[in-house]
Number of protein chains: 2
Amino acid sequence: MKRSAAGKAKGPSLKTVALAAGVSLTTVSNAYNKPEHVSDEVRDMIFAIAREQGYAGPDPAARSLRSRHSGAIGVLFTSQLSYAFSDPYCVELLTGLAEVAEENRISVVLIPLARRVVAPEEEVRRSVEAVRHAVIDGAVADGIDDGHPALQVLLSRGLPLIRSVDNSESHCVMIDEREAGRSVGEYLAGLGHRHVAVVVDHLHEPSSPDEAVEEDELFPYSRLRLAGIREGLAGHGRVTVVAARRNTAASGWVAADAALERADPPTAIVATSDVLALGALEALARRNVPAGAGGVSVVGFDDIPAAAPAGLTTVRQPIREKGRLMGRMLLDSSYTQRRMVLPTQLVTRTSTGPAN
Amino acid sequence: MKRSAAGKAKGPSLKTVALAAGVSLTTVSNAYNKPEHVSDEVRDMIFAIAREQGYAGPDPAARSLRSRHSGAIGVLFTSQLSYAFSDPYCVELLTGLAEVAEENRISVVLIPLARRVVAPEEEVRRSVEAVRHAVIDGAVADGIDDGHPALQVLLSRGLPLIRSVDNSESHCVMIDEREAGRSVGEYLAGLGHRHVAVVVDHLHEPSSPDEAVEEDELFPYSRLRLAGIREGLAGHGRVTVVAARRNTAASGWVAADAALERADPPTAIVATSDVLALGALEALARRNVPAGAGGVSVVGFDDIPAAAPAGLTTVRQPIREKGRLMGRMLLDSSYTQRRMVLPTQLVTRTSTGPAN
DNA sequence: ACGTTCATGTAAAACGATACACAAGGACCG
DNA sequence: CGGTCCTTGTGTATCGTTTTACATGAACGT
């Protein structure tokens, strides 16, 4: 098994295999990609020689370059990957997307994005690079605000993009965020609530929950939900906005606690996500204030799996289905639809009741 | 803004930009990749022309082909992606890995693998294809049994691979699964348990929990844990093995229930994962049998986040740290270590107590 | 004034595969 | 027997970069 050490020791390639097999480049390529175009004998012979040379099949990068597609799609996150996995909403969406990707035999590339508004220049540059370098055929971006430079790059690369916010320019799968908020406002107004605290998920991290909230800097969905809530309350009640530092139960706890601490505490707390709302429930529990009837009402959004066990009233949206649809819209060319609005539904549980 | 329609309408490329800017290909390339090698003036000019042409920067596939690296690593799962996200162990591991990937500005490609032993031929072929086509610089494979064809492909592609099972041939970050099992066996023996049911996560789906379990077909970790448990009991007690169809609480419930239904019910149930163990707790609750002292003891493995709230006795392993280390071993070239064994620790909670 | 270094920039050769157009030899058909 | 397919293959031209090695002129110390 001695090997001649002459010549440069380059790895095996289609060429070396073709040479050894005495067939053309194309034939070897076909053996891998279009087995039906090559006779069984020749194909087996080629594979045997490939194995012998330690050739693992066509190089994916070269294939992608030449064929102009890669068999992978990207998922853009507004946050760190490491955080995304702890967000039930993200996980659920990703699950739906992954289902479709699997059906289509496509793999999924996770790409974290910096938060545009506040991220240090460096962060943004970094996420643009990530998108620039990603070998993908398209992407899904959830909850990323318009004009994030990374989206621009994606678009100018000519890649299809599916989003979850309303935008006439790109395809999207969305819910009517504002309407969802309104249903909550109306519901609370109907229960007699006159002062509602809204815990919002903030784009940047405010130094304290008391800091005035710049509504420009909210995530698109937070802004719309907040607007909807105000609309739904329609003058029946006033709103105090409290910012959470991050979309975690702990942050929700802190923010809700600050609201309850006020001289004029609210009779209801709405959080722009269930995770925050669960934190608010925690805040109430620690203060021995009951949630719902006879105490302070709490409402969330999304109806993540943990909401029901906690008795949390929330606005349900079909998260997993949303992920699936985004995937289909991206991968299934028979989907001609450009824009899809999914239904939402207020699910009342024990965390809400009439105002005290 | 009329455009000459002559010539083929190909997209912009380094070449078109270089031509329009009156500089060489290399210079344009450098403007993107080695900004310090190009004067500010020229660079800005190049970017301006690029923007004008709608050029989004060097093509990732071509870059990968030429430079021989892609800025992405793969994660191989034994299961469907859609399922992996609902497995707390996976999520935790992924989180750790993602942290490191982010630090290194590397993106993560999710690649599902078919279960080798039983998967239909087609499934295996499909997962091998997925690995073949993935544009990655290396991969992490957790809990995948030796000799899975996809691993072979990866290896013959010459990609670095980090695994979580003991194998002298490849780098790995692991725990001493057997020892972990033994600690449970010894613990239960010490508590006086003489009959222990072990709920194992099975590679294939047995038709019923009563079916004889082929230990060859267990996941590597299940097999080792089971062996460890036997060793720990060391003749003080006997073991009944029950197979769960999948690694979910529901399956754990069914399997545990079957064990409890026996003529000679066990006094303790060990499950090879916390998820299964939580299902076992559920089974006890439904039967109004207390868990732990005065009832049936339940032990799990891994100490996932949900274990503590449930009072589940379990063998803790530093899952997230494991993910981080796998990532570092793959990405940080200063990590020369080939093999790393992480500590485990039996964490006793309320789900265990003396045998009745 | 001379060699050395630095800052810029250039030219040409890979990188490894797939698409496209076409060819040889049978089979088939009327 | 001539034409038309079908099967199995073959060459060759790209795909769009990065690399490697080299060129140019200015700056600089001695």
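Chain A is the first sequence line, chain B the second, and so forth, proteins listed ahead of strands; every chain is numbered from 1.
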With the side chain counted from C-beta on, respond yes when Ser64(A) and His69(A) share a heavy-atom pair under 4.5 Å apart, and no when they do not.
no
Check: Leu110(A) and Phe85(A) side chains under 4.5 Å, non-hydrogen atoms:
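A side-chain contact exists here, since the closest heavy-atom pair is under 4.5 Å.
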So, are Arg68(A) and Asp59(B) salt-bridged, with charged N and O less than 4.0 Å apart?
yes
Within the 4.0 Å limit for protein heavy atoms, which parts of nucleotides 6-11 of chain D are touched? Write it as a string from 5' to 3', B for base, S for sugar-phosphate only, - for none.
--SSBB
Using a distance-only test with no angle check, is there a side-chain donor-acceptor pair under 3.5 angstrom linking Thr26(B) and Ser29(B)?
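Note: Thr26(B) and Ser29(B) side chains miss the donor-acceptor criterion.
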Can a donor-acceptor pair be found between the side chains of Arg63(A) and Asn33(A) at a distance below 3.5 Å?
yes
Please report the distance, rounded to the nearest Å, between [atom1] in [X] and [atom2] in [N].
| X | N | atom1 | atom2 | answer |
| --- | --- | --- | --- | --- |
| Lys34(B) | dT10(C) | NZ | C1' | 14 Å |
| Asp59(A) | dT17(D) | CG | P | 17 Å |
| Arg68(B) | dT19(D) | CZ | P | 11 Å |
| Arg63(A) | dG16(D) | CZ | C1' | 18 Å |
| Lys15(A) | dA17(C) | NZ | P | 10 Å |
| Leu65(B) | dT19(D) | CG | P | 12 Å |
| Tyr32(A) | dA19(C) | OH | C1' | 20 Å |
| Leu14(A) | dT12(D) | CG | P | 17 Å |

Using a heavy-atom cut-off of 4.0 Å across all strands, would you classify Tyr55(B) as base, sugar-phosphate, or nothing?
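Answer is sugar-phosphate: Tyr55(B) comes under 4.0 Å of backbone atoms only.
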Looking at dA19(C), I'd like to know if its phosphate oxygens (OP1 or OP2) sit under 4.0 Å from a side-chain N or O belonging to Arg66(A).
no
Tell me, please, which residues at least two apart from Arg51(B) pass salt bridge (Lys or Arg N to Asp or Glu O under 4.0 Å).
none
